[in-house]
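One structure below.
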Amino acid sequence: MSHTPNAASGHADASVMIRLEELTKRFPGQSRSAVESLTLDILEGEIVVLVGPSGCGKTTTMKMINRIIEPSSGRIILNGEDVTSKNPDHLRRRIGYVIQQTGLFPHMTIGENVATVPKLLGWDAKRVSARVDELLTMVNMDPAEYRGRYPKQLSGGQQQRVGVARALGADPEVMLMDEPFGAIDPITRDRLQNEFLRLQSEVRKTIVFVTHDIDEAIKMGDRIAILQEGSRIAQYDTPERILTAPANDFVKDFIGAGASLKRLNLSRVRDIELGTWDTVTTADSAETAHSTLSSSEYSAVLVLDTDGRPVRWVTADDLRRIDGRSLDQIGSAPQAVVEPRATLSDALNELVAARYAVTVVVDEQGRYLGVIDFDQLNEAIRSMRSTAVAEARSEFAAHDSSQEGPS
Amino acid sequence: MSHTPNAASGHADASVMIRLEELTKRFPGQSRSAVESLTLDILEGEIVVLVGPSGCGKTTTMKMINRIIEPSSGRIILNGEDVTSKNPDHLRRRIGYVIQQTGLFPHMTIGENVATVPKLLGWDAKRVSARVDELLTMVNMDPAEYRGRYPKQLSGGQQQRVGVARALGADPEVMLMDEPFGAIDPITRDRLQNEFLRLQSEVRKTIVFVTHDIDEAIKMGDRIAILQEGSRIAQYDTPERILTAPANDFVKDFIGAGASLKRLNLSRVRDIELGTWDTVTTADSAETAHSTLSSSEYSAVLVLDTDGRPVRWVTADDLRRIDGRSLDQIGSAPQAVVEPRATLSDALNELVAARYAVTVVVDEQGRYLGVIDFDQLNEAIRSMRSTAVAEARSEFAAHDSSQEGPS
Amino acid sequence: MSAPATAASTTDAEVVQTQSAPPRRSWPGYLTMPLILGLVCLGMFLYVQSRELDSIEARSLNARTILTALQGHVMLTAVSTLVTLVISVPLGVLLTRSFTRVIRPYIIGVLTVLQAVPTIAILVLLAVAFLFLGFQAAIVGLVLYAIIPVLLNTMVGLEQVDENVMEAGRGMGFSRWQVLTKLEVPLAVPVILAGVRTALVINVGTATLVTYIDAGGLGDIIVAGLSTNRILVQLIGAALTAVLALLVDYIAGIAEDLLRPKGL
Amino acid sequence: MNFGEFLIRRADDMLELGLAHAAVVGGAVLISTLIGVALGVLTYQSERARETVLAITGSFLTIPSFALFILLLGPLGLGWKPVLFALVLYGLMPVVRNTITGLRGVDPAVVESAKGMGLSRRQLLLRIELPLAWPVIITGVRVTTLVLLGIAAIGAIVNGPGYGELIFTGLARVGTPVAVNMVLAGAVGVMILAVVFDLAFYTAKRLTTSRGIR
Amino acid sequence: GGGGAEESPNEGLLEGVELISGSKEFTESVVLSQITALALEDAGASITDQTGISGSATVREALESGEVDFYWEYTGTGWVNILGNTTEDVPDDLFAAVSEDDEANGIAWLDPAQFENTYRIAVKEDFANENGITTMSDSAEFIEENPDQARICAASEFINRDDGLPGMEDAYGFEYADVVELDLNLIYPQVGDACEFGEVFSTDARIAANDMVVLEDDEGFFVEYLGAMTLRQETLDEHPEIAEIMAPISEKLTDDLMMELNGRVDTDGEMPEDVAQDWLEENELIGG
Ligand SMILES: Nc1ncnc2c1ncn2[C@@H]1O[C@H](COP(=O)(O)OP(=O)(O)OP(=O)(O)O)[C@@H](O)[C@H]1O
Ligand SMILES: Nc1ncnc2c1ncn2[C@@H]1O[C@H](COP(=O)(O)OP(=O)(O)OP(=O)(O)O)[C@@H](O)[C@H]1O
Ligand SMILES: [Mg+2]
Ligand SMILES: [Mg+2]
């Protein structure tokens with residue numbers, strides 16, 4: 001395929017941290033190249049996620065970036081400097097690397113493993129030790145318990161976490177992470193991902209991240225490169241655009257079922273306009289409630305307490321059997337409640353099982369803000385999609401017309 | 001916690017294939033046990049998935065079942081026979097094992113690796129070779145290309161797939177699979193999972209499957225054991241019940257956000273009652289369409305072709321601008337279309353982005369069967385949940401009253 | 001290939017290569033050693049031819065004597081190595097099994113002790129204390145000397161095998177024996193063979209001593225030169241020994257290339 | 001005079017010879033190890049270099065020790081010097097061979113991740129590769145030590161230090177009553193040294209091999 | 001050593017001279033060296049002991065390179081091993097020939113002693129008596145008749161020298177059925193076991209100790225092996241007194257004496273230096 005979507009298009013302003021030019025690797029004795037003429041720009045401070053089917057060349061690509069595998073041809077440009085034939089040690093010290101097989105040093109304790117790079121950098125013992133504890137804690141492993149163990153005494157996921165901690169040791173400007181969270185349970189993984197994103201928002205490293213989990217890619221990536229066999233780029237774009245405007249069937253297939261549902265992860269409740277619902281307060285009388293209800297198009301009213309927090313759903317039936325109790329003692333407790341920073345996916349999740357098919361949105365103090373119903377979600381999705389499609393169309397046209405330029 | 005949910009409850013009829021009794025493993029020099037008094041029954045022919053946080057003892061449990069790790073105390077009963085002190089080789093030949101770290105034999109080619117067990121069993125060369133090809137193809141690796149390679153010449157995911165193929169070699173009655181698909185991309189993984197489930201529906205092996213991916217657990221498991229640190233069972237139940245009636249906060253947390261959405265994966269469109277929509281056929285005139293539409297509560301009618309296949313959504317606007325064209329030349333093509341075997345999650349995915357907030361259901365020939373709208377999904381979910389909760393309640397009561405029995 | 005890749009630092013490129021392709025020697029590579037050794041022999045032959053030999057030198061430096069000595073030496077080396085292998089590899093295997101843990105230090109201790117005694121002393125003691133002479137006594141002496149390198153390397157080699165691989169094997173129902181023969185031993189081959197090659201070279205060298213107990217070999221020639229102070233004779237004997245050692249090591253190298261698991 | 005009496009009468013001698021023997025062997029092992037490991041490290045990555053170095057160090061081992069000692073007598077004289085020198089030559093091969101084998105056996109994934117962390121060639125070698133290859137290397141050193149203990153005895157022909165003196169004097173008097181005692185005493189002395197050295201190695205191996213790879 | 005009761009014959013001749021004594025590894029050589037060393041010490045020299053070097057070639061190399069200053073050598077060895085001759089043309093006055101030829105190498109031979117330590121063939125006493133063998137000619141006959149009892153134990157040097165096995169077989173006109181090549185020292189215990197005949201050195205005490213008898217060289221085949229002290233010419237030039245000191249001692253060293261002295265070391269287990277000291281004192285060759 002001669003048309004590899006130009007990686008840098010539309011980002012000419014931000015500075016390119018890693019540029020791969022026509023990078024090719026053919027392993028001796030193999031008929032096909034593992035990586036075939038890959039051209040890719042990675043901007044400073046962004047997380048680029050490589051995803052693609054098993055064996056498509058992700059690991060090979062990563063290893064060529066830090067020259068653990070020498071490319072058969074092509075160039076690697078790091079921060080404007082051609083490093084294809086530079087001393088690889090110096091190169092690598094600027095690049096953190098989490099290897100796919102964890103590759104912990106079996107003869108060193110966990111503490112020593114994590115301390116490797118800080119020690120290399122000549123930090124004093126106290127600082128190293130503090131850093132090790134910090135890193136282990138960050139990957140959710142109790143330093144007191146694990147610091148003195150050897151790799152073989154850890155479970156698979158624990159080993160992987162130590163690998164991540166170790167790579168973070170030196171705070172390198174560029175990180176290559178090859179399926180760093182592949183063997184970790186969802187809770188820990190989620191925590192690590194969030195921790196990572198938090199760190200990233202502070203320090204803005206340049207990160208190349210390999211995963212085979214499209215959800216992780218969507219969560220972590222500023223941009224995602226979806227690769228086909230031979231590391232050929234099927235699409236290199238933002239998560240939104242990949243989900244809403246997949247470039248071709250390969251990408252569509254790769255995203256898999258549930259693209260729309262995944263798309264919901266990218267927007268938050270605060271981004272859409274909330275609906276309204278009829279409410280009364282606990283201070284109101286049953287009669288007020290009744291009259292609100294009868295003038296409402298819904299079958300229940302939402303009862304708020306005096307601070308405005310939703311406390312009860314009350315139906316006509318409930319009102320009928322009120323027996324002199326106050327409004328907050330009848331009906332049922334609202335369950336589908338989210339805050340504005342929840343994703344639309346969270347909202348939908350609540351919605352799906354919600355009484356009255358509606359999710360209640362409250363602020364951080366728990367005060368009622370509005371509701372989301374399915375139609376609102378539907379509309380939000382549909383408008384996102386049409387924006388993305390329009391964008392893609394206009395860009396494609398722009399790209400087409402710039403085809404003649406130097407490649 | 002003294003109350004470990006009795007694994008066998010309600011399954012007294014099916015025969016128990018693997019029974020773990022008070023199984024404990026404490027590694028030398030560790031303060032806490034890796035596995036603490038685990039009691040678990042696994043029935044013949046079922047897939048039991050162990051999930052739990054990294055380091056909770058899943059691998060250790062698996063390794064104790066085939067005695068690669070000797071338990072510190074407790075018993076393992078295989079098919080009624082106490083094998084805790086049997087010759088472990090004989091035991092292991094009845095149990096296939098996919099090791100977490102793949103553990104391919106580095107000195108053997110892929111073909112030889114996969115052929116190991118068939119050769120052990122003394123199959124003739126031709127049969128072995130055919131089986132190897134079959135298995136490699138099954139895990140989506142071209143035998144011609146990969147058979148002669150050595151493990152180190154494969155990518156991470158490819159190695160893992162070879163590990164799976166190897167373990168399937170002998171068709172053992174019991175399989176232990178420790179994160180077998182952990183490093184595999186979603187497409188291949190999905191294919192493998194389906195292939196696995198298909199095989200399983202034919203041969204009904206007893207399988208213990210470790211994963212940290214709750215979605216995988218839900219998809220693969222007949223029952224799921226959610227484990228806490230020390231392999232303590234937080235809940236041991238069917239996927240439905242775990243999703244709808246999590247036993248405690250640990251389980252709830254572990255399932256993570258989106259339990260309801262996940263729940264939708266477990267039911268299929270054919271399981272719920274479909275809604276109806278107003279339809280006309282291409283043979284009908286624009287006037288018929290118009291009158292149908294005006295008497296409808298919806299803003300569009302669905303146009304079916306003469307075979308009953310949906311071809312167009314048509315609104316009043318469209319009809320107004322019909323200009324003498326036939327019904328199938330106006331309006332917009334229906335996109336949110338699913339078949340009855342699609343999961344409710346698929347249906348919701350379509351629904352979320354669907355025009356008119358409705359998913360059209362067609363049969364295998366593409367003929368219109370009905371529609372699903374959000375309220376139907378909501379209702380389905382809610383009824384599933386209440387059933388599950390009721391079940392859980394009654395069982396818990398039964399369990400409580402049988403507490404006095406021999407343990 | 002474009003310039004950048006070739007310009008890469010050579011050491012690093014080599015590492016990468018050894019990792020990606022199992023190193024096999026090329027044909028010229030295989031031929032170098034025999035060629036060199038052949039040339040050395042030819043050189044020696046021509047030199048001896050060009051010299052006037054006195055009767056003492058002539059008695060050692062003639063085709064018949066040299067061939068007999070060579071043949072004897074080869075026999076000594078071959079048999080002692082074979083016996084060494086037959087003893088030490090299985091012993092190494094046994095001593096790495098858990099059930100021998102208790103006796104392990106003692107056996108190794110005894111063998112170490114025997115290894116350390118100068119072969120000449122062993123030979124003398126055999127001859128004096130047991131009046132045990134000749135080929136068989138020589139084999140005993142040589143074997144005692146060569147056991148340790150093979151044994152220790154066998155043990156380390158086996159201990160180094162990746163636990164995961166063995167676990168996978170056991171998990172698949174390999175019996176202990178199968179784990180041993182199909183996994184452990186093949187994976188330990190490089191280290192075991194290192195020991196064997198060391199032992200072979202030591203054996204070829206040490207076998208020159210058994211001339212003192214009527215066991216023949218190239219030692220006959222060397223000692224003849226030594227005792228009559230005929231440097232030429234000594235040199236030829238020593239050179240032949242070295243050539244033989246290198247040849248044997250070369251053959252062992254080929255065996256290693258064949259036996260060394262290719263995936264490693 | 002039985003062997004026991006002989007030993008008691010020569011106890012002082014035995015101790016003195018033992019110390020001398022141990023010293024010369026210990027020194028030689030140390031030097032061979034330093035040189036051997038260095039040679040191994042320099043050559044293990046290149047097929048040709050390592051084959052050459054193994055061929056050369058291997059052929060040292062085939063030089064009959066008698067001949068070598070006499071050869072060294074001219075330049076180095078009598079006593080410990082030629083013995084030490086010869087022992088170093090003899091001791092190289094097992095060390096070199098095991099160093100090479102050990103280094104080549106290190107898991108590429110580990111090397112890769114170390115490189116990925118920016119360890120220089122030197123650091124990689126010192127912190128990762130050598131420690132991981134250490135059990136194999138130290139086994140080579142152990143073999144070398146045992147081989148050298150024996151060869152050192154032959155050093156007695158150039159009046160080198162150690163038990164060789166007893167063995168050779170005994171040998172020269174074979175057929176006389178003291179001969180067997182002397183040879184035996186020498187042999188036993190070497191054996192005791194072997195045990196002591198081996199215990200030292202066992203301990204050293206345990207102490208210097210990380211628990212993580214045992 | 002000062003303070004002695006008896007007057008030393010050579011008091012002070014070598015005051016302040018430092019010398020290194022060398023010897024081969026076998027008893028006789030060591031004893032001779034010790035005798036020499038004690039005598040020279042008695043004359044005031046200080047001696048460093050480097051005796052017991054294995055192999056003729058080694059000790060000779062040591063002498064030439066200055067590692068040792070003197071040792072006792074044998075004329076036959078000098079002729080063949082050192083000067084590289086064969087024994088097809090042994091001169092009548094071997095000592096004169098050797099000492100003259102060796103001048104070229106800068107090595108001086110002092111006048112020889114009265115003993116000869118030469119090659120001989122020995123058999124077990126019983127064997128000799130049983131078969132009535134006393135001379136080499138007898139043995140030739142015996143071997144002719146009993147080829148199954150015609151094995152000889154011999155060391156490499158003997159086997160390879162013209163004045164050794166090959167020449168001997170020629171001279172007596174027979175051939176041993178089997179040659180068992182052994183270290184010289186191993187021959188003594190092996191005779192009667194691995195072989196019937198053994199190559200021995202005529203003054204070796206082990207002949208008697210192992211119940212062996214030497215066969216008479218009735219054809220006079222064997223080359224003479226007179227013992228003589230060797231040293232570098234420059235040493236002798238610097239200290240000509242050495243020759244003076246050694247002359248009376250050499251006078252007294254006869255075959256029987258050597259056999260006796262060797263026996264005291266080998267059989268009785270005495271230390272060579274003690275044996276040397278005793279003998280020198282007994283004969284008042286040194287001061288007490
Ligand atoms: N050889 C060992 N020595 C000491 N502790 C060990 C050893 N192996 C495992 N452990 C500990 O036992 C616990 C359980 O380990 P296990 O491998 O069973 O976890 P797991 O559930 O499989 O985790 P993961 O999902 O990360 O693979 C962990 O805390 C681990 O650190
Ligand atoms: N040393 C090697 N020799 C030959 N082929 C190799 C070698 N290493 C990798 N390959 C091949 O190159 C291709 C790309 O491998 P790579 O490891 O880059 O894949 P990947 O994208 O990382 O896959 P995964 O997701 O499974 O880790 C694969 O087809 C693999 O079989
Ligand atoms: Mg990979
Ligand atoms: Mg695990």
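So you know, we letter chains A, B, ... as the sequences are listed, proteins then strands, and number each from 1.
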Derivation of the side-chain contact (heavy atoms from CB on, under 4.5 Å) call for R191(A) and N140(A): CA-CA 8 Å; R191(A) 177 152 9 170; N140(A) 215 12; 3.4 Å; yes
With a 4.5 angstrom heavy-atom cut-off, is it the side chain or the backbone of [X] that approaches chain A, or both, or neither?
X       : result
L154(B) : neither
E350(B) : neither
N378(B) : both
F254(B) : both
R161(B) : side chain

Partners passing side-chain hydrogen bond (donor to acceptor under 3.5 Å, both in side chains) against Y146(A) (at least two apart in sequence or in another chain): Q158(A)
Counterpart residues, side-chain hydrogen bond (donor to acceptor under 3.5 Å, both in side chains), relative to S332(B) (two or more places apart): R355(B)
Inter-residue atom distance D185(B).CG - I214(A).CD1, 0.5 Å rounding: 10.5 Å
K219(A): which of N265(A), T211(A), N194(A) passes side chain to side chain donor-acceptor pair (under 3.5 Å): N194(A)
side-chain contact (heavy atoms from CB on, under 4.5 Å) between I372(B) and I272(B), intermediate numbers included: CA-CA 9 Å; I372(B) 297 179; I272(B) 66 171; 4.0 Å; yes
Proximity breakdown for R32(A) and chain B, heavy-atom pairs closer than 4.5 Å: side chain
Heavy-atom proximity to chain B below 4.5 Å, by part of E379(A): neither
Hey, which of [options] has the most heavy atom pairs under 4.5 Å with chain B?
options                            : answer
M141(A), Q160(A), R149(A)          : R149(A)
G52(A), S155(A), A342(A), P186(A)  : P186(A)
Q153(A), E145(A), Q159(A), R189(A) : E145(A)
D373(A), D375(A), I184(A), T188(A) : I184(A)
D213(A), L348(A), L377(A)          : L348(A)

Residue list, side chain to side chain contact (heavy atoms under 4.5 Å, CB included) with T109(A), at least two apart or on another chain: E112(A), Y150(A)
Audit row: Y97(B), I68(B), side-chain contact (heavy atoms from CB on, under 4.5 Å) steps and yes/no: CA-CA 11 Å; Y97(B) 181 39; I68(B) 279 179; 3.8 Å; yes
side-chain contact (heavy atoms from CB on, under 4.5 Å) evaluation trace for V269(A) with E339(A): CA-CA 7 Å; V269(A) 170; E339(A) 292 184 12; over 6 Å; no
Cation over ring face, K252(A) and F250(A), 6.0 Å, 45°: no
Residue-level interface, residues 54-62 of chain B with chain A, non-hydrogen cut-off under 4.5 Å: S54(B), G55(B)
Test item: Y298(B) and W313(B) side chains (from C-beta on) under 4.5 Å apart, heavy atoms: no
